[in-house]
Every structure is written in structure tokens, then in C-alpha cells.
*Asks:* 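This is the structure I have questions about; it appears just below.
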Amino acid sequence: MQIDKKKCFVQLGKFLSQFSKNDAHQKADVLHNDLFFNPFLDLIQLSQSHNGWYTPEQVYFAIQSWAEALTEENLNTWLADYDLSNVKPKTIGLILAGNIPLVGFHDFLSVLISGHQVLVKTSSNDQHLLPFLAKYLMAVEPELKNKITFVEGKLENFDGVIATGSNNTARYFEFYFKDKPSIIRKSRNSIAVLNGHETKEQLVALGEDIFRYFGLGCRNVSKLFVPKGYDFSSFFEAIFEYQDVIHYEKYANNYDYNKAVFLMSNFKLLDNGFLTIKEDLSHASPISSVFYEYYDNLDEVQKRLNVDQEIIQCIVSNDLVQNSIAFGTTQKPKLWDYADNVDTMAFLINL
């Protein structure tokens with residue numbers, strides 16, 4: 001029997017749409033709420049005890065993002081470019097990151113919807129959310145029990161692999177999986193290009209790109225390119241509404257530590273009490289800090305971005321450089337926005 005996987009994920013989207021930070025209520029047309037609604041509420045509240053960075057606010061944001069993505073219209077738009085009719089089912093291993101809630105869900109979705117079986121090794125930092133959603137999917141369509149397996153030990157008996165980790169673990173993955181078709185993802189960062197003419201609303205939205213998930217995602221902005229002589233006062237004024245981030249202990253500890261390290265090294269800092277910004281050529285800033293770099297003209301920025309494209313995930317700007325996206329959208333990717341610009345579906349279809 002052919003499983004209508006698209007329909008299953010639309011149902012999951014409807015289930016997730018019931019949960020938001022300010023309101024969680026059951027909808028009559030959602031399947032299996034009697035079994036899953038209250039346990040999922042409990043899991044959201046428990047998430048911070050499993051991972052201190054997974055505050056309810058951040059988990060709700062991730063859930064809502066996926067609720068908005070998993071609609072029939074979005075799935076149809078995404079899949080319209082692919083021919084799934086001749087896919088020979090294989091077993092695909094996933095090694096997932098755990099830096100932000102449900103960070104590996106897109107890979108999980110892609111494997112199943114392309115017609116393969118999925119073998120999942122979750123991160124120790126995110127062991128509960130995805131297995132719960134998998135159980136919901138299996139309740140919607142029991143045949144999926146034969147398609148989804150979670151493993152605790154090492155991956156075995158798979159035909160291809162998608163692995164996400166740091167630059168160090170990527171070297172291990174590349175060696176270990178050298179005989180298998182693979183997508184190996186390394187560390188990346190996102191950057192913003194400013195010219196000083198941004199509106200307050202755009203700079204407030206940039207704050208969302210910086211502070212969502214406390215800056216832990218590869219889609220979080222960690223570096224600014226600004227014109228020589230740029231006045232940071234408007235930037236600081238706009239991001240002031242994110243000041244409550246300092247009340248989270250883990251973030252505050254990082255802020256205090258990284259600021260102390262910078263000051264002991266006699267680095268020149270700009271600081272507003274919850275974010276430090278530092279002039280630095282690197283794109284990868286520590287938590288609670290953003291690096292910046294001055295430029296003379298946008299052509300030189302574009303050349304730099306072209307050179308660094310292998311380590312950049314997203315570029316945010318007011319259409320100042322190629323392939324940039326709008327302020328405030330980095331952590332709301334569409335289904336067709338692939339990590340590292342590698343087409344996961346094409347990889348899975350052509351195995």
C-alpha cells in the first residue's frame with residue numbers, strides 16, 4: 001500500500017499549529033489530540049531541563065515555524081520540481097545536530113517524503129522533540145513504523161548518510177562515511193551587510209536574526225559588514241528591545257565570560273549590557289557577541305562574500321549584495337531553502 005506521506009506531514013503541521021507561546025488550545029479537526037496534546041505540552045515545558053538553551057519561548061518558536069511550513073500548499077510548491085515516481089527505497093542515516101530545537105527536522109522530512117527509510121541518531125542535546133513528532137506521525141499512519149528507526153549506538157546498515165556537526169566532527173564523518181553517498185555539513189555562520197540607511201524596523205528585525213535561539217544557529221547573524229564611519233547608535237537603539245536575553249542564566253554567563261576575555265586581551269569593544277560588538281575579520285563570533293568589519297565599497301564586500309561562500313549560511317541586507325534575504329527572516333527558512341545550498345531532495349532522489 002502506498003503511504004500518502006504528504007498528507008501525514010500536513011496533519012503534523014495541523015497538530016503543531018495548536019501550540020504557541022501565548023496560547024495552546026485543541027482544535028476539533030486535529031487527529032489524536034487525546035493521546036498527544038497534553039504530553040506534548042508537558043514535553044515543551046520539560047525541554048529546558050533536557051537542554052538549558054531550549055526555553056519554552058524558543059521551543060514554541062521552532063514549533064510554530066514548522067506549523068507554518070507544513071501546509072499542503074508549501075509541500076506542493078516544494079515538491080513540484082522533483083520526480084519522486086522512480087525512487088528506489090533505501091535506508092538513509094541521519095546524524096543530527098542539537099544546537100537549536102528540531103534543527104534536523106528538515107532532513108527527517110526530506111528522507112521520508114522522498115520515499116526512503118530513515119535511521120536517526122539524535123544529538124544528546126535534542127533527544128526528545130523529534131522522537132515525539134515521529135510517534136505522532138506513526139499514529140497518523142501506522143505504516144510509517146516500518147520507515148522510521150531511532151538508534152543510540154553507531155549507525156549501521158544504511159545506504160547513504162546526512163551528517164551535521166562541527167568542522168572537527170566533519171573530518172571524522174568524511175573519513176568514516178567515505179564509502180557511502182553523503183552530505184556532510186560543517187560549521188557555518190550568517191552575516192548582515194548594512195549601509196547606514198536601514199530603517200529602525202529593519203534593525204529591530206536584524207535583532208531577531210541575532211538573538212533568536214540565543215544566537216546558537218548557523219542561520220543566526222554573527223557578523224556585520226558596515227561602511228567606514230558607521231554610527232552604531234541606531235543599531236543599539238533598535239536592538240534594545242531584546243534586552244531580556246540577559247535574564248537567561250546561560251546567556252548571561254556567556255556574556256560575562258566572553259566580555260572578560262575580550263577586555264583582558266585589550267580588545268576595543270562596544271557594549272550595551274547584553275551584547276558586545278567587536279571589530280574582527282572572522283565570521284564566527286561567540287555567544288553574546290557580534291563581530292563587525294568596515295568596508296569602503298560594496299563591490300569589495302561582494303568579492304569577500306564570494307570567497308567565503310563555503311562558510312556562510314545566510315546573508316541579510318536591504319538588497320545590497322547578491323542572494324541576500326530580508327531582515328528578520330533567517331530563522332524562518334522555507335522548505336526549499338536548503339542548508340549549505342545543497343539540494344537534499346536531489347541527493348535523495350538520485351541515490
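Starting from 1, each residue takes its place in the sequence as its number.
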*Asks:* Taking R188 first and then D308, would you say they form a salt bridge - that is, a charged N and a carboxylate O separated by under 4.0 Å?
*Replies:* no
*Asks:* Any sub-3.5 Å donor-acceptor pair from Q58's side-chain atoms to T55's backbone N or O?
*Replies:* no
*Asks:* Distance alone, cut at 3.5 Å: any donor-acceptor contact between the side chains of Q331 and D209?
*Replies:* no
*Asks:* Holding to side chain to side chain donor-acceptor pair (under 3.5 Å), I want the full list of residues that pass it with S234, two or more places apart in sequence or in another chain.
*Replies:* none
*Asks:* Please round to the nearest 0.5 Å and tell me the distance separating atom CG of L224 and atom CD of E279.
*Replies:* 12.0 Å
*Asks:* Does R304 count as lying over the ring of F225, i.e. NZ or CZ under 6.0 Å from the six-ring centre, within 45 degrees of the axis?
*Replies:* no
*Asks:* Could you give me the CA-CA distance, side-chain angles and deciding distance for Y292 and Y294, then say whether ring pair (Phe, Tyr, Trp, His ring centres under 6.0 Å) is met?
*Replies:* CA-CA 7 Å; Y292 67 92; Y294 289 116; 5.4 Å; yes
*Asks:* Any side-chain donor paired with an acceptor under 3.5 Å for H32 and D34?
*Replies:* no
*Asks:* Salt bridge or not for E68 and K332, using N-O below 4.0 Å?
*Replies:* yes
*Asks:* With a 4.0 Å cut-off on N to O distance, would you call D271 and K259 a salt bridge?
*Replies:* yes
*Asks:* What's the spacing between I184 CD1 and Y176 OH if we round to 0.5 Å?
*Replies:* 12.0 Å
*Asks:* Does the ring of Y295 carry K228 above it, NZ/CZ under 6.0 angstrom from centre and within 45° of its axis?
*Replies:* no
*Asks:* Connecting only ILVMFWY residues whose side-chain heavy atoms lie within less than 4.5 Å of each other, what is the rest of L263's hydrophobic cluster?
*Replies:* F262, F267, L269, F291
*Asks:* Examine distances only and state if a side-chain atom of N254 and a backbone atom of I287 form a donor-acceptor pair shorter than 3.5 Å.
*Replies:* no
*Asks:* Could you tell me how the ring of H106 sits relative to the ring of W66: parallel (under 30°), tilted (30 to 60°) or perpendicular (over 60°)?
*Replies:* tilted
*Asks:* Looking at R212, is its backbone amide N or carbonyl O close enough to the side chain of N220 to form a donor-acceptor pair, meaning the two atoms are under 3.5 Å apart?
*Replies:* yes
